[in-house]
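Notes to accompany the following structure.
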Amino acid sequence: MEQRLISLLQSSPRLDQLKQIHALISRTCPNLTPIFLKLLLNQPATIRYARQVFFTVPSPDSLISNSVLSAHSKLSLHREALEIFHHWHRRGAQITSFSIPSVLKACASLAALDAGKQVHSIVLQLGFFSNVFIHTALVDYYVKNNDVCSAQKAFDEIVDKDPVPYNCLIFGYSKSSDVVQARHLFDTMPQRTASSWNTIIACYAHQGDFNEALTLFERMLEEGFQPNEITIVVLLSICAKVSDLETGLKVKKLIDGHHSRSSLIVRTAIIEMYVKCGAVDEARLEFNQMDRRDVVAWSAMIAGYAQNGRSNEALELFKKMQSECCEPNEVTLVSVLSACSQLGSTDVAERIGTYVESLGFTSSVYVNSALLDMYAKCGNIQKARRIFDEMSQRDIISWNSMIGGLAYNGFAEDAVSLYHEMIQESLKPNDITFVGLLTACTHAGLVDLGLKFFHSMRSEHHTVPKIEHCACIVDLFCRSGRVDDAYRFILEMEMKPNVVIWGTLLSACRIHSNIELAKISVARLLELEPENSSNYVLFSNLCAEAGQWEEARSMRKLMKSKDVQKLAAYSWIELNGRLNKFLVGDRSHVRCDEIYDTVDELNLQLKGVHEFYLEESI
DNA sequence: CTAGGGTTAG
């Protein structure tokens with residue numbers, strides 16, 4: 001009978017068949033009910049029915065009750081687990097020490113604070129003092145509720161501690177950023193497991209102390225611990241954050257033997273490691289080799305393309321994801337939007353924007369900020385503003401995107417007044433806020449206001465200006481023709497000027513024909529990036545325009561001697577969703593004659609407009 | 001029949 005029952009249940013019966021089997025058992029051999037129930041618990045498909053059967057059992061013993069409870073807990077059916085426990089508790093059934101951990105796990109996952117406290121008091125009433133399992137579950141419960149104090153108290157109750165409660169509490173201290181306590185527990189625990197190492201390594205990684213994390217990993221290997229999947233994932237994510245491809249590959253080697261079996265998460269972490277090290281093509285190879293991909297894997301790869309400036313490939317992959325019926329989540333959409341914002345195409349922005357808006361992530365601050373950022377960067381400032389105004393919640397990044405968006409689109413005054421609104425709402429500006437503000441001032445020629453904002457960073461907002469803020473100030477002086485002030489500012493800067501700063505000055509020197517400063521800037525630029533052709537070309541053109549032919553020729557010579565290749569620059573225009581690229585003297589387009597005629601005509605018209613304004617001003 | 005650590009983002 002029992003064998004037949006097993007084979008019947010394994011043939012994935014329908015609900016009506018299950019009912020028949022159940023009826024048969026209750027009529028002919030009720031003593032088989034517990035076995036029947038246990039078999040139902042084994043499969044997620046039949047656990048619902050198991051619950052119904054359990055509720056009909058007149059007085060279930062604690063063994064079967066605990067099995068029902070733990071089966072639900074294992075499948076993360078926490079709500080149902082709590083329901084079972086309440087039902088059972090009401091009937092006055094005997095609660096054993098085995099019942100408690102599953103219930104506490106359910107309370108922790110549901111963030112059911114009151115229920116958890118009740119269970120704790122039941123624990124005290126029933127006198128389960130110093131039971132390792134129960135108190136470990138209590139430590140875990142309090143850690144998950146961010147109450148590390150109560151967790152420590154529950155921990156202290158345990159007389160004979162194995163590594164598990166230590167690991168739980170170390171994680172608790174890690175979550176509350178108390179590295180000292182975490183490390184103390186780790187150092188003093190009598191014996192460790194691989195999980196102990198994983199927890200402490202992850203703790204340092206969360207703190208941003210990647211060196212200590214890597215040192216501990218080496219010690220872990222030295223002491224003969226076998227890294228598991230979680231160790232690998234933690235390490236790969238560290239390598240991703242510090243862009244350390246060399247260590248990343250070493251870690252990857254550790255699992256290369258049984259690579260085919262490695263989990264989705266490990267493979268996603270490998271993709272992420274490659275992506276953050278700039279090795280996008282290697283990431284794609286890894287991605288292609290996956291036999292199964294979830295939304296996280298797709299998102300990681302799409303984000304990888306987006307972050308490495310390969311927007312078209314990001315969008316192509318998103319299309320493929322949709323064709324394989326994988327539903328995008330917020331993270332996917334944010335990456336897709338970020339790819340679009342780099343393309344700068346109004347058509348694509350319109351299409352993807354409308355699509356994203358139709359999906360109903362209306363309350364997501366993340367998605368909305370990415371949306372408004374994209375609209376702004378693609379020139380649709382009205383839509384960007386509409387999204388911003390309609391947002392029910394905004395964080396610093398939403399404000400920054402809007403301020404920056406207004407700034408880049410030339411609405412300097414709106415950017416500045418939005419900043420004041422932000423201050424009114426008592427939000428703290430960060431360094432990105434100031435990049436937006438300074439950009440606004442640059443575009444509008446508001447030199448004094450820009451300098452005021454720059455100085456207020458330190459004095460009022462306790463943020464230290466970074467090199468990008470200094471670059472904004474240099475640009476601010478340069479655009480208003482004050483190249484000498486720009487140079488003076490560079491000399492007084494606390495940090496070493498970079499290529500952006502010297503490049504800005506050099507370009508300004510060409511416009512304002514300042515050969516002396518141009519010489520200084522180009523010298524710095526050739527030190528910093530001898531391979532960049534535009535510096536040589538810019539300087540030599542500048543000299544030629546000023547009539548200094550000898551200087552111009554020698555710079556061309558220098559460029560040639562260093563074998564610097566000049567990159568062909570092209571301009572492009574998007575028409576009816578198609579991208580058309582043009583090189584200098586390009587005749588490849590089928591209608592190039594018409595195109596050149598039109599360009600000539602436009603030039604004439606522009607000259608006419610220019611002359612008209614000249615006459616007007618006289 | 002009981003417990004812990006991990007991946008994607010503006």
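Numbered from 1 within each chain, the chains take letters A, B, ... in sequence-line order.
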So if I take every side-chain heavy atom of [X] and compare against [options], which nucleotide ends up nearest?
X	options	value
A/Ile397	B/dG10, B/dA9, B/dG6	B/dG10
A/Ala303	B/dA9, B/dG5, B/dG10	B/dA9
A/Ser263	B/dA9, B/dG10, B/dG6	B/dG6
A/Thr268	B/dG5, B/dT7, B/dA9	B/dT7
A/Ser338	B/dA3, B/dG6, B/dG10	B/dG10
A/Glu272	B/dT8, B/dT2, B/dG6	B/dT8
A/Asp162	B/dC1, B/dA3, B/dG6	B/dA3
A/His206	B/dT2, B/dA9, B/dG6	B/dG6
A/Glu229	B/dG5, B/dT2, B/dG6	B/dG6
A/Val234	B/dC1, B/dG6, B/dA9	B/dG6

Exercise. Is A/Lys74 near enough to B/dT2 that one of its side-chain N or O atoms lies under 4.0 angstrom from OP1 or OP2?
Worked result: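 It does, given that an N or O in the side chain of A/Lys74 lies less than 4.0 Å from OP1 or OP2 of B/dT2.
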For this session: Give a yes/no answer on whether the side chain of A/Gln307 brings an N or O atom under 4.0 Å of OP1 or OP2 in B/dA9.
Result: yes
Problem set entry | Minimum-distance pair of heavy atoms, taken over all atoms of A/Pro165 and A/Val139 |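 Closest approach of A/Pro165 to A/Val139: O-CG1, 4.3 Å.
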For this session: Begin from the C-alpha positions of A/Phe155 and A/His135 and carry the test ring pair (Phe, Tyr, Trp, His ring centres under 6.0 Å) through to its verdict.
Result: CA-CA 7 Å; A/Phe155 177 85; A/His135 280 83; over 10 Å; no
Heavy atoms under 4.0 Å, any strand shown: does [X] hit a base, just sugar-phosphate, or nothing?
X	result
A/Tyr366	base
A/Thr193	base
A/Lys38	nothing
A/Ser65	nothing
A/Ser195	base

Exercise. Is the distance between the ring centroids of A/Tyr142 and A/His120 under 6.0 Å?
Worked result: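 Centroid distance A/Tyr142-A/His120: below 6.0 Å, so yes.
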For [X] and [N], what is the distance between atoms [atom1] and [atom2] respectively, to the nearest whole Å?
X	N	atom1	atom2	value
A/Leu337	B/dT8	CG	P	19 Å
A/Leu39	B/dC1	CG	P	13 Å
A/Asn228	B/dT7	CG	C1'	15 Å
A/Phe155	B/dA3	CZ	P	18 Å
A/Leu104	B/dC1	CG	P	20 Å
A/His78	B/dT2	NE2	C1'	15 Å
A/Lys377	B/dG10	NZ	P	10 Å
A/Trp298	B/dA9	CH2	P	17 Å

For this session: For A/Trp399 and A/Phe388, run ring pair (Phe, Tyr, Trp, His ring centres under 6.0 Å): C-alpha distance rounded to whole Å, both residues' side-chain angles, the deciding distance at 0.1 Å, then the answer.
Result: CA-CA 8 Å; A/Trp399 286 89; A/Phe388 181 80; 5.1 Å; yes
For this session: Check if the side chain of A/Asp395 and the base of B/dG10 share a donor-acceptor pair of N or O atoms closer than 3.5 Å.
Result: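 Indeed there is one.
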Exercise. Looking at B/dG10, does its base get a donor-acceptor pair with the side chain of A/Ser369 below 3.5 Å?
Worked result: yes
Exercise. In residues 133-147 of chain A, which residues come under 4.0 Å of DNA chain B by heavy atom?
Worked result: A/Phe133, A/Thr136, A/Asp140, A/Lys144
Problem set entry | Side chain to side chain, A/Phe287 and A/Leu317, heavy atoms closer than 4.5 Å | yes
Problem set entry | Any A/Gln191 side-chain heavy atom under 4.5 Å of A/Ser196 side chain | no
Problem set entry | Cation-pi check, A/Lys241 onto A/Phe210 ring (under 6.0 Å, within 45° of axis) | no
Exercise. Is the Lys NZ or Arg CZ of A/Arg192 less than 6.0 Å from the centre of A/Phe186's six-membered ring, within 45° of the axis?
Worked result: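 Here A/Arg192 passes the 6.0 Å and 45° test against A/Phe186.
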Exercise. Yes or no on salt bridge (charged side-chain N to carboxylate O under 4.0 Å, His left out) for A/Glu390 and A/Arg386, after CA distance, side-chain angles and deciding distance?
Worked result: CA-CA 6 Å; A/Glu390 285 173 2; A/Arg386 198 203 75 219; 3.7 Å; yes
